[in-house]
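A short worksheet on the structure shown next.
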Amino acid sequence: QNIGNRVTRSDDVKKEPQGGSIFKIRTTVFFFIYGFLVLFVFIGFLVWRLRRSKFQARNSKMHFENICQELDGSEDPVPESMKDAPINDKIDYLPYKRNYEIAKENLEKGPVLGHGMFGVVKKGYLKMADPKTEEEEKMKLEVAVKSVKNTYALDQISMLAAELRLMCAIGKFPNVLALVGAVTSELRKGHLLIVTEYIDRGDLLEYVRKHRHLFEDHLVPDKTEPGSYLTPLSAKRKTYDFKIEEGEKENAISQNLDSLTTSDLLSFGLQIANGMQYLSTIPLVHRDLALRNVLLKKNKTIRIADFGLARKYDDKTYYKQSSKDVPVPIRWMSPEAVHNMKFTQQSDVWSFGICLYELFTLGGLPYPTIENEDIYVYIQSGRRCLQPDHCHVELYDLMKLCWNAKPELRPTFTHIVEYFVEHMKKSAEHVYDYVEDMLRVEAESQRKLDDWIKVNRCEAFEVDLKSV
Ligand SMILES: Nc1ncnc2c1ncn2[C@@H]1O[C@H](COP(=O)(O)OP(=O)(O)OP(=O)(O)O)[C@@H](O)[C@H]1O
């Protein structure tokens with residue numbers, strides 16, 4: 001049957017009229033022209049792509065070149081009008097100190113510690129730049145290494161470079177995250193690494209939240225206060241009862257990380273105030289002071305971190321006032337900062353008051369019953385966070401001072417540290433002694449970080465800081 005069909009088809013072909021071949025020629029010519037056009041467009045597209053990627057490469061090379069130049073800071077002197085301005089405003093003039101440079105081969109990268117919106121922080125191990133002994137050759141320092149997720153995101157690399165220059169100017173202080181060094185040698189290829197101290201216990205907010213069920217409250221209702229049985233317990237004045245024997249004072253803060261007591265909260269509060277006081281003398285405005293940006297070490301000392309210009313835009317904590325705006329940490333912000341987006345030392349003081357609230361509520365959300373969009377109206381009407389249960393009234397008084405509607409009437413960080421120290425010397429001297437001792441140890445360990453990079457740059461750095 002198949003053979004039969006084939007015969008029939010070939011017969012049809014033989015019988016085809018002449019008009020059919022004209023049609024065939026036309027079709028061939030049409031396809032030829034059409035194919036030629038397609039080929040022409042395709043080649044045009046390839047040429048356009050090639051030229052565009054060449055242009056982009058030249059453009060990003062130029063941008064990377066700019067970022068490299070910016071690393072050295074502007075050659076112009078800081079204008080007289082900006083002399084006393086916070087270093088955040090003078091970022092263009094801040095240089096990256098080249099003696100912070102780490103040889104890439106001395107740095108080994110480890111597991112991811114955490115992500116920001118654009119950045120990623122990994123654990124790292126740094127070899128000594130100039131080992132003198134065999135033992136030193138084998139030694140490795142645990143560090144944290146920050147980089148951007150997308151090496152082609154020029155604006156993010158530029159922000160990371162700015163963060164590096166800011167960290168160079170900040171220097172070292174026990175309650176502030178210290179820069180160990182940086183790898184900038186491959187910046188032209190989009191690779192920039194900031195290497196800082198490794199802080200082993202994550203952020204303080206998570207720590208207090210995770211340990212709130214173990215909390216040991218040493219703030220008890222004042223037994224000497226006269227009151228009737230009609231006075232509710234919550235309305236009674238509370239005082240500390242640390243139950244520490246004379247000889248046990250030095251162990252009064254447990255280094256066991258599976259514990260959380262009133263002494264710990266006081267110690268964290270004092271340390272944050274101490275770190276902020278140092279930053280305010282530089283002067284640097286943090287702009288995002290919150291427990292989530294404070295890191296904890298296993299000896300229960302803390303480091304204020306996250307001076308970056310990039311923010312965690314995807315985090316619910318950051319609120320967009322309108323679709324055009326940059327998301328901001330509205331619950332931590334003073335009213336004037338919300339109103340005009342102007343961040344100052346006084347707005348940092350407000351945020352410090354909120355940090356105390358977070359501490360003494362064991363990681364509670366500020367204004368828990370108020371929606372983001374209603375916070376500004378709420379604080380403008382004079383209302384504030386309520387006194388946390390675990391907070392001594394003198395510390396709540398300090399919080400209220402930090403939340404004064406008038407920025408100029410808020411205490412400075414120097415006043416805050418004095419207030420804290422006085423409160424602790426009176427009521428919790430063991431905590432004060434502990435913090436003082438630990439900070440001495442931490443200052444020493446930060447000084448030793450310089451040994452991991454070739455040059456001992458402490459002196460040079462101090463001279464530079466004064467001239468900024
Ligand atoms: N020095 C450090 N030691 C240990 N862990 C760290 C260190 N720095 C950051 N981390 C961890 O990495 C997480 C992300 O860090 P960080 O918030 O600085 O990232 P980021 O990229 O700067 O984010 P963004 O700039 O968008 O705020 C932190 O929450 C913390 O858990």
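One-based numbering, in listed order, for ligands and for the atoms of each.
- Heavy atoms of K146 come nearer than 4.0 angstrom to ligand 1 in at least one pair.
- In this structure F420 satisfies the ring pair (Phe, Tyr, Trp, His ring centres under 6.0 Å) test with no other residue, sequence neighbours excluded.
- Judged purely by distance below 3.5 Å, without hydrogens or angles, the side chains of S259 and K300 pair a donor atom with an acceptor atom.
- Ring pair Y207/H211: centre-to-centre distance below 6.0 Å.
- Paired with Y96 under the rule side chain to side chain donor-acceptor pair (under 3.5 Å), one option of R165, E70, E101 passes, and it is E101.
- The contact set between ligand 1 and T196, taken as ligand atoms under 4.0 Å from a residue heavy atom, comprises 1 (N).
- Atoms of ligand 1 found under 4.0 Å from any heavy atom of Y198 (numbered from 1 in listed order, with element): 3 (N), 4 (C).
- Proximity annotation for atom 30 (C) of ligand 1: of V121, L295, D288, L295 comes nearest, heavy atoms only.
- Considering backbone and side-chain atoms alike, D306 places an N or O below 3.5 Å from some N or O of ligand 1.
- Residue G119 has at least one heavy-atom neighbour below 4.0 Å for each of these atoms of ligand 1: 21 (O).
- Only side-chain heavy atoms of L177 come within less than 4.0 Å of ligand 1; its backbone N, CA, C and O stay farther off.
- Screening Q156, K149, M159 for a side-chain contact (heavy atoms from CB on, under 4.5 Å) with F118, the sole residue that qualifies is Q156.
- For ligand 1, the polar-atom distance check against H115 finds no nitrogen or oxygen pair separated by under 3.5 Å.
- Close contacts between ligand 1 and L113 involve ligand atoms 4 (C), 5 (N) [criterion: under 4.0 Å to a heavy atom].
- Y100 and V180 make their closest contact through CD2-O, 3.6 Å (heavy atoms, listed as atom of the first residue, atom of the second, distance).
- Between H423 and Y240, the ring center distance clears the sub-6.0 Å criterion.
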